[in-house]
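Structure first, commentary second.
Residues: numbered from 1 along the sequence shown. None of these values were measured; they are calculated from a predicted model.
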Amino acid sequence: SIGEENGQAVKTLLLVGAKSRGKSTFINGLVNYLFEVDFDDKYRFKIISNEDGAIAVTVYTTSSLSYNIRIVNIPGFDDSKKDGDFVNGVLENCRKLKVDKISEICYVVKSNDSSLAKNEKNFFRKLSDVFGATPVVVANFCDADEPQVSKALREKEIRFEKLFKFNNSHIFVESSDQSDWDKGVL
């Protein structure tokens with residue numbers, strides 16, 4: 001947990017995606033954005049990811065928002081997990097951690113993926129059904145162009161509200177060019 005809860009409402013983001021899609025990378029960029037890290041700052045926040053397969057729940061609070069943000073980072077799934085087992089595991093861990101309401105499901109993908117894991121459609125359909133929300137897509141490692149993954153999402157008929165392009169490759173690199181920084185800002 002970073003910061004102190006301010007008594008305001010809590011918005012919970014459920015981050016899901018296959019292994020190595022950049023969920024931790026996205027969290028690091030989001031935290032820097034929430035804490036208003038600027039190009040000229042000599043520091044960056046980096047959240048250490050939990051690699052033991054457990055769901056990590058962290059509450060981030062910033063004075064720039066009128067609410068608390070709780071990020072539920074679901075470890076990456078793979079084709080070897082059965083749909084029902086994965087979804088049931090998510091639900092069980094959310095219950096244990098007293099996460100009873102999800103404000104947004106964020107489906108994290110790599111922008112240059114031309115295909116998706118074979119079970120991804122079922123995972124997200126089931127999660128959407130359980131939490132009653134259509135996910136948004138976060139296309140990681142994305143430049144200004146239309147991400148390749150858009151075609152893969154359409155081919156798999158994965159429903160989503162909106163696609164956000166995100167590129168944080170410049171957040172942790174020293175650069176003297178403000179425009180490089182601006183490319184990575186949400």
Closer than 3.5 angstrom, by distance alone: can the side chain of S128 be matched with the main-chain N or O of A133 as a donor-acceptor pair? yes
Shortest non-hydrogen separation from T134 to E161 and the atoms involved: O-OE2, 3.2 Å
Spacing of CG belonging to L34 relative to CD1 belonging to I69, to within rounding of 0.5 Å: 4.5 Å
Gap separating the SG atom of C106 from the NZ atom of K23, nearest 0.5 angstrom: 12.0 Å
Close side-chain approach of F160 to L153, heavy-atom, < 4.5 Å: yes
Do any N or O atoms from the side chain of N32 and from the backbone of G29 form a donor-acceptor pair under 3.5 angstrom? no
Please report the interatomic distance OH(Y107) to CZ(R21), rounded to the nearest 0.5 Å. 7.5 Å
Any chance you could measure I71, atom CD1, to E104, atom CD, to the nearest 0.5 Å? 13.0 Å
When you group the ILVMFWY residues by side-chain heavy-atom contacts below 4.5 Å and let the links chain together, are V136 and F166 in the same group? no
Decide yes or no for V108 and V137: does some side-chain heavy atom of the first lie under 4.5 Å from some side-chain heavy atom of the second? no
CG (N140) and NZ (K165) are apart, to the nearest 0.5 Å, by 13.5 Å
So, T12 side chain and I102 main chain: donor-acceptor pair closer than 3.5 Å or not? no
Backbone N or O of V109 within a donor-acceptor pair of the D113 side chain at under 3.5 Å? no
Taking all non-hydrogen atoms of both residues into account, name the closest pair between Y43 and V37 and its distance. O-CG1, 3.5 Å
For K11, does the NZ atom have more than 12 heavy-atom neighbours from other residues, nucleotides or ligands under 6.0 Å away? no
Test F131 against L14 for side-chain contact (heavy atoms from CB on, under 4.5 Å), laying out the working first. CA-CA 10 Å; F131 290 108; L14 181 68; 3.7 Å; yes
If you round to the nearest 0.5 Å, how far is CZ of F141 from CG of N112? 8.5 Å
Is there side-chain contact between L15 and V72, with at least one heavy-atom pair below 4.5 Å? no
Kindly indicate whether the side chain of V16, heavy atoms from C-beta on, has any atom under 4.5 Å from the side chain of I105. yes
Same hydrophobic cluster for V138 and Y33, using side-chain heavy-atom links shorter than 4.5 Å among ILVMFWY? yes
Close side-chain approach of P135 and L127, heavy atoms under 4.5 Å: no
